[in-house]
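Let me begin by presenting the structure, written as structure tokens, before commenting on it.
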Amino acid sequence: MTLDDLSATILARKGADPDTSWTAKLLSKGPAKCAEKFGEEAIEAIIEAVRGDRAALTSEAADTLYHLLVMLAACDVPLSDVMAELARRQGISGITEKAARPR
Ligand SMILES: N=c1c2ncn([C@@H]3O[C@H](COP(=O)(O)OP(=O)(O)OP(=O)(O)O)[C@@H](O)[C@H]3O)c2ncn1[C@@H]1O[C@H](COP(=O)(O)O)[C@@H](O)[C@H]1O
């Protein structure tokens, strides 16, 4: 399972029956609800990271990635655009990038 596979499954759920698909149910509620759910899952991951529970963090990280992809789908942002942005940044140190920002 790759993020591309999961993203394709999520996009295929657009317009599916919300009674049988969690993804379809979430997407039918609109981008704001999808964003709220992503935020909840991210916070749950943060809590487990701070607690140092690696198994729980693994599970919450999976929830967070899934809900990030649902939020992107709700906002019509292709995963490939996000990957292209990461590729553009490849090899640019975060320290160098921050130092080059206008003050
Ligand atoms: N990866 C996931 C995935 N991760 C989490 N979830 C669901 O996300 C929901 C959110 O979890 P919560 O416990 O926070 O849900 P909640 O009911 O709001 O709980 P509380 O906040 O009330 O505690 C749960 O119903 C999880 O089952 C997922 N649902 C689907 N997928 C993937 O998406 C595919 C399509 O799923 P459907 O759209 O449901 O067919 C699946 O085959 C999976 O590959």
Side-chain angles (χ1 to χ4, degrees):
M1 162 68 80
T2 66
L3 288 181
D4 271 333
D5 294 335
L6 185 54
S7 178
T9 301
I10 288 165
L11 290 174
R13 291 297 193 274
K14 278 193 172 182
D17 182 359
D19 289 336
T20 57
S21 161
W22 168 260
T23 313
K25 189 174 166 189
L26 203 47
L27 287 170
S28 73
K29 292 178 181 169
K33 187 69 197 176
C34 294
E36 182 189 317
K37 198 69 201 164
F38 167 70
E40 282 176 25
E41 301 299 345
I43 287 167
E44 286 169 17
I46 290 166
I47 290 168
E48 300 306 342
V50 172
R51 287 178 62 215
D53 185 333
R54 295 175 69 237
L57 175 57
T58 301
S59 174
E60 295 301 345
D63 279 354
T64 303
L65 285 175
Y66 163 75
H67 285 91
L68 171 64
L69 295 179
V70 173
M71 180 176 71
L72 290 175
C75 295
D76 292 322
V77 174
L79 177 60
S80 56
D81 284 7
V82 178
M83 298 314 291
E85 175 60 17
L86 285 174
R88 189 189 65 76
R89 295 179 188 181
Q90 205 169 7
I92 304 170
S93 159
I95 292 171
T96 311
E97 183 276 328
K98 206 161 191 174
R101 281 185 199 169
R103 288 166 197 274

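Start at 1 and go down the list; that is how both ligands and their atoms are numbered. None of the values given here were measured: they were computed from a predicted structure.
Atom 7 (C) of ligand 1 is approached by the protein to below 4.0 angstrom, counting heavy atoms only. For atom 27 (O) of ligand 1, the nearest protein heavy atom is 4.0 Å or more away. For atom 21 (O) of ligand 1, the nearest protein heavy atom lies closer than 4.0 Å. Protein heavy atoms come within 4.0 Å of atom 40 (O) of ligand 1. Within the 4.0 angstrom cut-off, atom 18 (O) of ligand 1 has one or more protein heavy-atom neighbours. At a distance under 4.0 Å, a protein heavy atom can be found next to atom 35 (C) of ligand 1.
The OG1 atom of T58 sits 10.0 Å away from the CD atom of E48 when rounded to the nearest 0.5 Å. In this structure, the separation between CG on L6 and OG1 on T23 is 8.0 Å, given to the nearest 0.5 Å. For the atom pair M71 CE and E41 CD, the distance stands at 12.0 Å (nearest 0.5 Å). Between the NZ atom in K37 and the NE2 atom in H67 there is a gap of 5.5 Å [rounded to 0.5 Å]. For the atom pair CG of L27 and NZ of K33, the computed distance is 13.5 Å after rounding to the nearest 0.5 Å.
Under 4.0 Å from ligand 1, heavy atoms of W22 appear from its side chain as well as its backbone. With a 4.0 Å heavy-atom cut-off, ligand 1 is reached by no atom of I10. With a 4.0 Å cut-off on non-hydrogen atoms, D63 touches ligand 1 through its side chain and not its backbone.
Atom 11 (O) of ligand 1 has as its closest protein heavy atom E41 OE2, 3.9 Å. Shortest contact from atom 31 (N) of ligand 1 to any protein heavy atom: Y66 CE1, 3.3 Å. For atom 43 (C) of ligand 1, the closest heavy atom belonging to the protein is L6 CD1, 4.4 Å. Shortest contact from atom 16 (P) of ligand 1 to any protein heavy atom: K37 NZ, 3.8 Å.
For ligand 1, the polar-atom distance check against R13 finds a nitrogen or oxygen pair separated by under 3.5 Å. Here's the thing with S21: one of its N/O atoms is less than 3.5 angstrom from an N/O atom of ligand 1.
Of the possible donor and acceptor atoms, none in the side chain of S59 sits under 3.5 Å from a partner among the backbone N and O of A56. Between the T9 side chain and the D5 main chain, a donor and an acceptor come within less than 3.5 Å of each other.
Each of L11, D81, V82 was compared with L72 under the side chain to side chain contact (heavy atoms under 4.5 Å, CB included) criterion, and only V82 meets it. Among the candidates L69, T64, L26, D63, the single residue satisfying the side chain to side chain contact (heavy atoms under 4.5 Å, CB included) test with F38 is T64.
The shortest separation from a heavy atom of H67 to ligand 1 is under 4.0 Å, placing the residue in contact.
Residue I92 qualifies as enclosed at atom CD1: its count of foreign heavy atoms under 6.0 Å is above 12.
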